[in-house]
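To start, the structure itself, in structure tokens.
Whatever order the structure lists them in is the order used to number ligands and atoms, beginning at 1.
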Amino acid sequence: MMHFSRIMIFFLGLQLAAAGLAPLAEAKETKRVLILYSQERGHPGHDLTEQGIRAVFLSNSFFDVQLYNEYLDVTRFSGPGQISLAADYLRRKYSGMKIDAIIAVYPYAVDFLLAARSPLFSGVPIIACETLRSYAENLEHSPVRRLVTGTVVDDNMTDFIAGALRMRPDTKRVALVAGTSPNDIYGEQVFRRGISAYAGKIETIDLTKLSMAETLSRVGSLPPGTIIFYESILRDGAGEIFVPREALSLISRAANVPVFGIYDSFMGFGIVGGRLVSFEQHGKEAAALAIRVMGGESPAAIPFGGDKAYVNLYDWRELERWNIPESSLPAGGVVLYRQVSLWNRHRAEIIAALLLILAEGGLIFGLVMNLHRRRKVERSLADSEERLSLAAASAGAGIWVLDIDTGLFWGTPEAYALFGLPPDSSVNFETILNLVHPDDRNIVQNKIWHATESDSGEIFSVEYRLVLADGEIRWLASNGRRQRLSQGQPLRLMGVTVDITDRKKIETEALDARKRLLHMERVLLMGELAASLAHELNQPLTAILSNANVAGRLLNSDSPDIDELKEIVKDISDDNKRASAIIRSLRSMVKMAETTRELSSINNLLADGISLIRGEAVLRDIHIETHFSDGLPQVLVDATQIKQVAVNLLMNAVESMSDMKGERRITVQTRSADRNSVLVTVRDTGKGFTEEEQKDLFEPFFTTKRSGLGLGLSLCRSIIESHGGRIWAENHRDKGATFCFELPAGDER
Ligand code: ADP
């Protein structure tokens, strides 16, 4: 009854401490606890154990515990000489100091204490931490039990093997890997006992006590239907010393089948997982036992613990590597190292996209491919992805995947940032589309639609504006392509998006400058025309007016002079003819204006014209296609004027599509009409014109545009006709207009 209440107080104390209270802090009595480890300092299992021990001592409310750590380093220093040396050392070191309890970790340390017992720490209670069940059972019958209690790494093998077989149901063989140190051999015995329950069903391949080189070569060529049980290798068959989990890492990398091991200190080093022995839990239990013993309980009265010191852990990367479904894991299993983001789940596709779009990505990947063997590359895929995403991130690019069937969108953190979305938020296509500027939504939607429909998997690119939460406009360019790796797999678009706001700013500025120039050109042209018209027509119009005034006066008189009136009417008619002649000569002046003509390639002139309006076309998402014939005769032309014709026709085509939905395309084609001339056609997918309009298209001042001058086409006609060619327009039945002109071949003339 007395023990029970003490235990209650102990646990109560733990809880209060955990709640941040320390009511008994001042009353704490100092106790000295020696932890005697079997292996060397830094042995991973020991580190975890120590964490557990420290955590409990630190939060206990009874004692102020001072810890002393000693490491026997048995794997490297064993043999009778070493034992007595170590015993001697400890005896001298701790003479004159009262140790209240010893926690001995792994059976070897317990053996050491008991063997060297008589003068060493005599009478001090021992907590044997992480011993085996059989070892504890032997102790039960020994007189030393009165001083020893502890925790047992329970013989959980049968269960553990059953768990492994659930994950790999086609297992027919178990390859057993263990080293030659006493600890390795303890573990190997546990494995063998556990596997004996499967005699006749599961064959054992003995890979124990081999050199590391041989172990690695054997684990790489195991037959299908095999799994590896790695116990531990502290020392291999060739006498070389290892840290067990580092040895595990080598083995797991070389293995062609999954590796299982039973200690949580192996997690992350290449085991699949299972119900694992938790060294930290053992440490906690051992420390709790030490507190009880130091509080006055007799060790003999405390049964060995450790039966709850398990954790149910699995390594996601290993599950992925060996295609082990998570449904085969027992309930409550915790999967560690999971890479949850879609970026990881779709790493193959994303890497493919990166390879496509980022030459650097390919370089890095190629480098990795060359540096490592294929298996190693698989293992280090996670590293490569990180580097690739870093490459994309440092280029400011966001990578994203859009699931067409569900509309779900996933992206790298950079992608979310570019779209102005909080990272990892749940987003679908609709959300993104709503952020797009209303004027650009059609373009984006069309592109996505085309890309999902196209079987060729060609890359699409689209430039569009995004309206950010603060109303600011951000220009983005997205390139992507459709992905369907095989039939039945979801249809996805994968792409890369970058911020092109700066580039757009520069483009817009250039465009504005060009527009101002063009406008000035038009104003000048108008001004010139108006000035010469005014000047030339002033004279006949003034004469017509004064003649008309005179005629008016004559008609108002009582007896108008009919002959004089006849003369006046004739003068008016003559002046009118003169005015018409002025207009005609003005037109012919435009026609005949002095020009410098040279033999030129029509294709080059058109290409120059196209380059002048390309910025405008990109801005309006218009695709310009050229079909230029080779081997056309040259034309003898004023290059500037012909370019002006090209620009006028192209700008008209651009403007004709400004309100159009759907495809926006201009096709410029050249071919030889007959042997003596070349034919140019500029076709658009715009709104075309009515039959009524067609008659006047080339007339000066005919326009259907709000701010049009109606001079472009008339000027084109003047220019083409002054070159001995002709120009005309055709409507299409389906959509858009074609403007054509023909020029005579230059070399013939
Ligand atoms: P402006 O462009 O100033 O109106 P133009 O002489 O270049 O003057 O064009 C005259 C008219 O011809 C335009 O207003 C338009 O109605 C029509 N037009 C010209 N090009 C096209 C085209 N590609 N598609 C449809 N209509 C056109």
Side-chain angles (χ1 to χ4, degrees), residues 511 514-530 533 583 586-587 589-591 593 605-606 609-610 612-627 640-670 679-723 725-742:
L511 200 71
R514 206 172 56 73
K515 269 187 184 158
R516 278 196 298 277
L517 258 172
L518 211 70
H519 180 68
M520 264 169 63
E521 206 178 83
R522 288 188 169 192
V523 168
L524 271 176
L525 182 71
M526 267 295 282
E528 264 172 40
L529 267 174
L533 265 175
I583 292 175
L586 195 81
R587 282 192 59 189
M589 201 175 77
V590 175
K591 272 189 202 166
L605 297 178
L606 292 171
I610 289 170
L612 286 172
I613 64 119
R614 193 174 292 285
E616 184 81 38
V618 168
L619 251 189
R620 307 203 196 185
D621 192 43
I622 292 171
H623 182 67
I624 302 183
E625 214 171 86
T626 52
H627 298 289
T640 319
Q641 287 186 346
I642 300 300
K643 276 188 229 169
Q644 196 173 357
V645 171
V647 168
N648 275 335
L649 297 184
L650 288 164
M651 279 312 292
N652 276 344
V654 165
E655 283 164 3
S656 79
M657 292 185 279
S658 60
D659 299 326
M660 303 297 293
K661 301 227 154 58
E663 194 194 19
R664 298 158 173 230
R665 183 184 296 268
I666 299 177
T667 314
V668 183
Q669 193 171 14
T670 58
L679 172 67
V680 178
T681 57
V682 179
R683 177 176 181 159
D684 59 57
T685 54
K687 62 177 168 21
F689 37 78
T690 63
E691 257 177 59
E692 199 61 34
E693 286 164 357
Q694 187 166 13
K695 287 188 220 128
D696 299 324
L697 290 177
F698 294 94
E699 293 310 313
F701 305 110
F702 170 80
T703 180
T704 57
K705 297 170 192 166
R706 227 184 305 151
S707 55
L709 288 177
L711 282 172
L713 287 179
S714 110
L715 202 69
C716 288
R717 187 168 63 179
S718 298
I719 292 171
I720 295 297
E721 287 179 356
S722 76
H723 281 83
R726 62 186 187 103
I727 184 166
W728 67 98
E730 289 166 5
N731 240 338
H732 294 293
R733 225 171 296 144
D734 46 349
K735 206 160 80 177
T738 303
F739 281 77
C740 319
F741 63 87
E742 223 173 61

Contacting atoms of ligand 1, where contact means under 4.0 angstrom from a heavy atom of [X]:
X: Thr703; value: 1 (P), 4 (O), 14 (O)
X: Phe689; value: 25 (C), 26 (N)
X: Thr704; value: 13 (C), 14 (O), 15 (C), 16 (O)
X: Lys705; value: 1 (P), 2 (O), 4 (O), 13 (C), 14 (O)

| field | From Asp684 atom CG to Thr738 atom OG1, the distance as rounded to the nearest 0.5 Å | value | 7.0 Å

| note | Output for pair (Glu663 CD, Ile622 CD1), nearest 0.5 Å, gives 11.0 Å

| request: Decide salt bridge (Lys or Arg N to Asp or Glu O under 4.0 Å) for Glu699 and Arg717; before the verdict, give the C-alpha distance in whole Å, the side-chain angles of both, and the deciding distance to 0.1 Å. | output: CA-CA 9 Å; Glu699 293 310 313; Arg717 187 168 63 179; 3.6 Å; yes

Give every donor-acceptor pair under 3.5 Å between a side-chain atom in residues 686-695 and any protein atom, sequence neighbours left out.
| from | atom 1 | to | atom 2 | distance (Å) |
| --- | --- | --- | --- | --- |
| Thr690 | OG1 | Glu693 | N | 3.1 |
| Glu693 | OE1 | Thr690 | N | 3.0 |
| Gln694 | NE2 | Ala729 | O | 2.9 |

| If you measure from each heavy atom of Phe739 to ligand 1, is any distance below 4.0 Å? | yes

| Leu697 heavy atom under 4.0 Å from ligand 1 | yes

| ligand 1 contact on Leu649 by region, counting heavy-atom pairs under 4.0 Å | neither

| said: I want to confirm something. Looking only at heavy atoms, which of Gly712, Cys716, Gly688 is nearest to atom 25 (C) of ligand 1? | reply: Gly688

| note | Result for side-chain contact (heavy atoms from CB on, under 4.5 Å) between Met651 and one of Val647, Leu649, Asn648 points to Val647

| field | Donor + acceptor pair across side chains of His627, Glu625 (<3.5 Å) | value | yes

